[in-house]
Amino acid sequence: MTLRVMVWGSGEVAAAAIGAIAERADLELVGVWVHSPDKDGRDAGLLRGGSPIGVAASTNADALLALGPDCVCYAATNPHADTDYVRFLEAGINVVTVSTGALVYPPHYLAAGRDSLVAAAEAGRATLYASGLEPGFAGDQFLLTLLTLSKNVRSVRTQKVFSYAGYAPEHMIREVFGFGQPLDHTPLLATPGALAATWGSPVRMVADAMGVELEDIHECYDRAVAPRRLEVACGVIEAGTVGAVRLATIGVVDGHDAIVIEHVNRMATDLAPEWPSAELDGTYRLMVEGEPDLRCDLAVGTPETFGPSFSLATAMRVVNAIPAVCHASPGLVSSLDLPLTLPGHGFS
């Protein structure tokens with residue numbers, strides 16, 4: 001059975017999803033929603049930088065939904081994405097999304113939002129699954145798979161070591177992370193509760209899967225200044241402003257920091273040399289203190305291909321899950337509820 005799929009968005013992850021869906025025999029790309037009028041009517045293949053594929057992008061959400069897709073692959077940047085999810089689910093359309101990290105583990109999603117989504121899923125007999133590279137894999141499902149090697153565990157830590165020098169969205173860089181800002185500026189991720197709102201979900205997923213009770217979740221936001229002027233994709237990072245940011249979301253078990261998801265982000269690889277680093281940019285490092293101690297580095301792509309490889313890996317977490325989600329029981333599911341979501345076309 002071929003599943004009819006629609007992609008919601010046209011950014012880098014959405015573009016990767018468009019290409020992957022269009023190439024699969026078990027999936028049919030039937031539409032692409034775009035926000036910009038400049039993209040309205042353009043062939044979706046051209047939007048992703050490839051050849052035409054015969055599917056036109058559209059800003060008309062009603063017309064797209066009237067096509068009756070089996071699933072929406074949601075990759076739009078939207079702080080109010082829940083409103084879209086409710087609409088899709090009520091219409092009987094399954095949803096896979098990379099846009100709401102806090103939904104990777106639905107049992108601990110905000111109660112009001114969760115209740116609305118559950119009601120919509122029940123009304124439409126549809127299913128929603130959220131995932132991604134992290135949150136959605138490295139700090140939760142991948143870590144839990146690694147823990148199948150353990151006799152006992154005292155603590156686990158997932159570190160993402162990443163350069164944002166090639167990342168262009170200026171609002172995200174300056175106002176969310178705080179790069180290029182003076183030290184007295186408070187960006188979004190430094191406000192109390194902001195980190196836990198997203199990364200608290202995979203922390204709780206690991207705790208529940210391991211059968212332990214979290215006593216608390218606390219956060220850490222640290223930064224280091226750039227000693228020189230940096231010209232990067234989002235503009236200029238002036239000397240003396242924030243050039244490196246270190247974030248952590250920490251679950252406490254039995255009085256000690258037991259489940260940690262940490263991000264070490266830089267605008268140049270030589271900044272904050274005392275912080276963790278990795279041979280390859282875009283490395284996810286998993287460290288387990290226990291019997292036995294474990295360490296695993298996962299690098300995405302190569303130094304030359306990291307950006308598009310990161311987008312593709314993020315997209316494939318949900319594209320590969322589409323068949324399983326469409327055949328799952330209605331409701332909100334996590335990766336703990338699904339079988340292995342392997343590529344549908346095998347080796348090539």
Side-chain angles (χ1 to χ4, degrees), residues 9 11-16 75-77 79 98-99 101 132-139 157-191 194-195 197-199 202 219-249 260-285 297-315 317:
E12 293 178 0
V13 175
T77 301
V98 298
S99 298
L133 192 45
E134 200 282 307
F137 180 68
R157 179 181 295 263
T158 301
Q159 285 178 340
K160 175 184 176 182
V161 182
F162 188 80
S163 169
Y164 276 88
Y167 194 70
E170 189 167 9
H171 176 78
M172 180 70 71
I173 290 293
R174 299 187 188 276
E175 298 303 328
V176 177
F177 283 97
F179 288 110
Q181 300 285 7
L183 289 176
D184 60 358
H185 177 78
T186 302
L188 175 61
L189 290 180
T191 58
L195 296 176
T198 295
W199 288 284
E219 306 160 315
C220 179
Y221 175 93
D222 197 8
R223 50 196 156 185
V225 299
R228 63 187 183 278
R229 187 176 189 267
L230 302 171
E231 295 185 3
V232 294
C234 75
V236 173
I237 306 296
E238 297 290 352
T241 65
V242 174
V245 174
R246 188 176 184 180
L247 318 166
T249 306
V260 182
I261 297 179
E262 182 180 19
H263 299 76
V264 183
N265 304 319
R266 296 178 172 94
M267 279 297 177
T269 56
D270 62 323
L271 302 185
E274 70 278 12
W275 292 357
S277 60
E279 182 178 351
L280 294 178
D281 184 31
T283 292
Y284 293 88
R285 177 171 297 139
D297 279 14
L298 169 67
V300 181
T302 67
E304 295 75 28
T305 67
F306 168 71
S309 295
F310 182 90
S311 297
L312 179 59
T314 300
R317 277 293 290 170

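Taking both residues in full, the closest heavy atoms of Gly139 and Thr158 are given as CA-OG1, 3.6 Å, listed atom of the first, atom of the second, then distance. Heavy atoms only, all atoms of each residue included: Ala16 and Ser311 are closest at CB-O, 4.0 Å. The two residues Val242 and Gly178 have their closest heavy-atom pair at CB-O, 3.3 Å.
For Glu170, the side-chain hydrogen bond (donor to acceptor under 3.5 Å, both in side chains) partners are Arg174, not counting sequence neighbours. When the side-chain contact (heavy atoms from CB on, under 4.5 Å) test is applied to Pro169, the partners found at least two apart in sequence or on another chain are Tyr167, Met172. In this structure Thr198 satisfies the side-chain contact (heavy atoms from CB on, under 4.5 Å) test together with Pro135, sequence neighbours excluded. With sequence neighbours left out, Glu262 forms a salt bridge (charged side-chain N to carboxylate O under 4.0 Å, His left out) with Arg157, Arg246. Taking Thr269 as the reference, nothing meets the side-chain contact (heavy atoms from CB on, under 4.5 Å) condition, with sequence neighbours excluded. Among residues two or more places apart in sequence or in another chain, the side-chain hydrogen bond (donor to acceptor under 3.5 Å, both in side chains) test is passed with Arg266 by none. With sequence neighbours excluded, no residue forms a ring pair (Phe, Tyr, Trp, His ring centres under 6.0 Å) with Tyr284. Listed by chain and number, the residues in a ring pair (Phe, Tyr, Trp, His ring centres under 6.0 Å) with Phe137 are Phe142 (sequence neighbours excluded). Residues forming a side-chain hydrogen bond (donor to acceptor under 3.5 Å, both in side chains) with Ser309 (at least two apart in sequence, or on another chain): Thr305.
Side-chain atoms of Arg223 never come within 3.5 Å of backbone atoms of Phe179 as a donor-acceptor pair (strictly under, hydrogens ignored). Not one N or O on the side chain of Ser163 forms a donor-acceptor pair closer than 3.5 Å with the backbone of Ala268. Side chain of Tyr221 to main chain of Phe177: a donor-acceptor pair is present (N/O by atom type, distance under 3.5 Å, no hydrogens or angles).
Considering only heavy atoms from C-beta on, Val161 stays 4.5 Å or farther from Asp281 through its side chain. Within the 4.5 Å cutoff, the side chain of Phe162 has no heavy atoms near those of the Val264 side chain. Using a 4.5 Å heavy-atom cutoff, the side chains of Ile261 and Pro202 are in contact. Counting only heavy atoms from C-beta outward, the side chains of Thr249 and His263 never approach each other to under 4.5 Å. With contacts defined as side-chain heavy-atom distances shorter than 4.5 Å, the pair Lys160/Arg285 does not qualify. Within the 4.5 Å cutoff, no side-chain heavy atoms of Arg317 are placed close to those of Val98.
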Step by step, would you call Glu134 with Trp199 a side-chain hydrogen bond (donor to acceptor under 3.5 Å, both in side chains)? CA-CA 9 Å; Glu134 200 282 307; Trp199 288 284; 3.1 Å; yes
Evaluate the side chain to side chain contact (heavy atoms under 4.5 Å, CB included) criterion for residues Leu189 and Leu195: first the C-alpha distance (whole Å), next the side-chain angles of each, then the deciding distance (0.1 Å), finally the verdict. CA-CA 6 Å; Leu189 290 180; Leu195 296 176; 3.9 Å; yes
Determine whether Val245 and Asp222 satisfy the following criterion, side chain to side chain contact (heavy atoms under 4.5 Å, CB included), listing intermediate values before the conclusion. CA-CA 6 Å; Val245 174; Asp222 197 8; over 6 Å; no
Passes side chain to side chain contact (heavy atoms under 4.5 Å, CB included), Val260 versus Gln159? Steps please. CA-CA 8 Å; Val260 182; Gln159 285 178 340; over 6 Å; no
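Around atom CD of Glu12, no more than 12 heavy atoms belonging to other residues, nucleotides or ligands sit under 6.0 Å away.
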Validation: residues 224-240 side-chain donor-acceptor distances under 3.5 Å, sequence neighbours left out:
residue, atom, partner, partner atom, Å
Arg228, NH1, Asp270, OD2, 3.1
Arg228, NH2, Asp270, OD1, 3.0
Arg228, NH2, Asp270, OD2, 3.4
Arg229, NH1, Glu231, OE2, 2.9

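In this structure, Leu298 CG and Leu133 CG are separated by 7.0 Å, a value rounded to the nearest 0.5 Å.
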